[in-house]
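For reference, the structure discussed in these notes is given below.
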2 protein chains.
Amino acid sequence: MGNNDPTRRTQAQRSAESRTKLMLAAAELIAEKGLGGVTLAEVGERAGYSRGIANHHFGTKAALIAELVDRVEREFIEATAPASSLEVSVEELVEIASVFTGMLADLPSVHRAFLVLWATAVADEELRPRMARSDEAFRNTVEEIIERGQSRGEIDSTVGASGYAVGFLGQLRGIALQLLLAPELVDLGAARQSMEQSLRRSLQPAQAHSDGSD
Amino acid sequence: MGNNDPTRRTQAQRSAESRTKLMLAAAELIAEKGLGGVTLAEVGERAGYSRGIANHHFGTKAALIAELVDRVEREFIEATAPASSLEVSVEELVEIASVFTGMLADLPSVHRAFLVLWATAVADEELRPRMARSDEAFRNTVEEIIERGQSRGEIDSTVGASGYAVGFLGQLRGIALQLLLAPELVDLGAARQSMEQSLRRSLQPAQAHSDGSD
DNA sequence: TATCACGTGCTTGCTGTCAAGCATGTTGGT
DNA sequence: ACCAACATGCTTGACAGCAAGCACGTGATA
C-alpha cells in the first residue's frame, strides 16, 4: 500500500524531476534576463529548491548550460518542424516559414530561451560552434528542398540554393529577434503574410506566375 | 618653440583623445568577447592606459556603454547608408541590401560591435529600447521607399510595406549574425546575389517581369 | 601654484565552487 | 512487517576570485 503514497517518490524520480525543474527554471531566467544575467543560485530558487542545487546536479555552470542548450535546441527544432513534408517544394518552404512565424505569436520561455541563446552565441566562445551547427543543419535542409524542387521544375532554376538558404534562415531569425526587441512595434501578421508572398514570387519559375489560391 | 613640442598637448586634447581610444578599445573587446565578457580594467589597458581610467572618464560602466552605443550606432548607420537615393525604388532597396552585405565581407570591429550589441539587446533591459528605436527608424525608411515606389507603379501594389520592412531588416540582420556565428560556413557572395534576385522578383509589379540584365 | 589627467591601492558586493551535515529514499536481515 | 545500515538528494555555511567603484597619490598642463 505504500506504493500508492503520492508523496513517496523513488530517488530516480526525485532526481529527474529536479533536473527538469532546474532546466525549465534556467530557460525561464535566460528568456527574461539573458545568459549573463542568470546565477546558479537564482536557478535553484526559481525551481523551488535551494541555492546550491544546480551546482549539486550539474557540477558546473557550463555543464548546466551545455545540457540546457541540447534540450532547448531539440525542443525548438521539434516545434518548428512541419508535421509532414508537403508534395510541392515551394509550399514546403512556405509551411516552414508559417510554422515558425506562427510560433512567435505566443512564445513559450523555452523557445524564447533558444532565440536568446542563439543571439548570445554571436559573442560566446562556448555557444558559437553549437549554434553554428544548428544553423548549418537547417540551411542544408532548405537547400535540399530547393534542389529537389528545381529538379522537379517547381522552383526556378536560377535560384541559388545555398545563398537562398542563408537568406531564408536569416529572415526567420531576424524577424524573431526584432519581435523580441520590440513586440509592440512589429506587426507579426503583416510580416508573416509578406514573407509568404515573397517566398512564392522568388521561388516560382518565372513563366508560371499563377495567382495564389486565396 | 614649446608650441610645436609634439608631446605637449592641451588638457582638452588629452581628454578627448583618451575617451576616443577608450571607446575604440571597448568596441574591439565587445566585438571579440561580447558585452558581458568585457571589464572596465581591460578596456583601459587595451586603450594603452591603466585599469582605472575608464571609470575616471565615464564614472560608470553603464555610462561608457551608453555613449559607446550612440557612437557605434551612428557609425553603423553612416556606413550602411547608400551614397544617394536612386531614381527607381526597387533599385534603392537593392542598393541598401548591397551596401549592407558588402560591408559584411570585411567588418571593422566598430561595426561588428554594433551587431553584437544588437544581438545582446534581446536580453538586456538597458540596450533593448535603444536598439528597438534603431530598428524602427530603419523599417520606417524602408516603408517610405516602398510606398513611394508603389505610388509610382514601380513596386507591386499588393506588397505590404510594413510587413515587408520587417522581413527586409530581418534578412539583413539574420544574414549578418549567421556570418558572425560561422564565417566559414556561410557563402556571403551567394547570399548577397540571392537576396538581390529575390528583392527584384518580390517587389516588381507582377506583369512587368523582365529578365535581369545579366 | 592650482587644476586636471592619470595611476594605484583598496573596499565591497556578487557569484561559482566546495565541503560538511541533514533529510529522504532504499536495501537487506530478522 | 519491521528496523537498522546505507545511498542519494538536498541544504547551508564558507571561501576564493573577479569586477566595479572609490580615494588618494603623482605628474602634466594652465
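So you know, we letter chains A, B, ... as the sequences are listed, proteins then strands, and number each from 1.
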query = Donor-acceptor pair under 3.5 Å: do we get one between Arg51(A)'s side chain and the base of dG13(D)?
reply = yes
ask   = dA19(D) C1' sits how many Å from Glu45(B) CD, rounded?
value = 12 Å
Ion pair Glu28(A)/Arg46(A), N-O distance below 4.0 Å = yes
key: Length of the CG-P vector between Asn55(A) and dA14(D), whole Å   = 18 Å
request  = Could you check how far NE2 of His56(B) sits from P of dT26(D), rounded to whole Å?
outcome  = 17 Å
message = Need one value for Val38(A): base, sugar-phosphate or nothing, where a base atom within 4.0 Å counts as base even if backbone is also close, heavy atoms only.
response = sugar-phosphate
ask   = Just how far, in rounded Å, is P of dC14(C) from NZ of Lys33(A)?
value = 12 Å
ask   = OP1 or OP2 of dT8(C) less than 4.0 angstrom from a side-chain nitrogen or oxygen of Ser50(B), does that happen here?
value = no
query = Are the side chain of Ser202(A) and the backbone N or O of Ser198(A) linked by a donor-acceptor pair below 3.5 Å?
reply = yes
Side chain of Thr39(A) (C-beta onward), nearest among dG21(D), dG16(C), dT11(D) = dG16(C)
inquiry  = Side chains of Arg139(A) and Ser162(A): any donor to acceptor distance under 3.5 Å?
reply    = no
request  = Could you check how far CD of Glu17(A) sits from C1' of dT8(D), rounded to whole Å?
outcome  = 15 Å
inquiry  = I want to verify a distance call: between dC6(C), dA5(C), dT17(C), whose nearest atom is closest to the Lys61(A) side chain?
reply    = dT17(C)
Tyr49(B) OH to dG7(C) P, straight-line distance once rounded to whole Å = 8 Å
query = Is the backbone N or O of Leu185(A) less than 3.5 Å from a side-chain atom of Glu136(B), with the two atoms forming a donor-acceptor pair by type?
reply = no
query = Looking at dG9(D), does its base get a donor-acceptor pair with the side chain of Arg19(A) below 3.5 Å?
reply = no
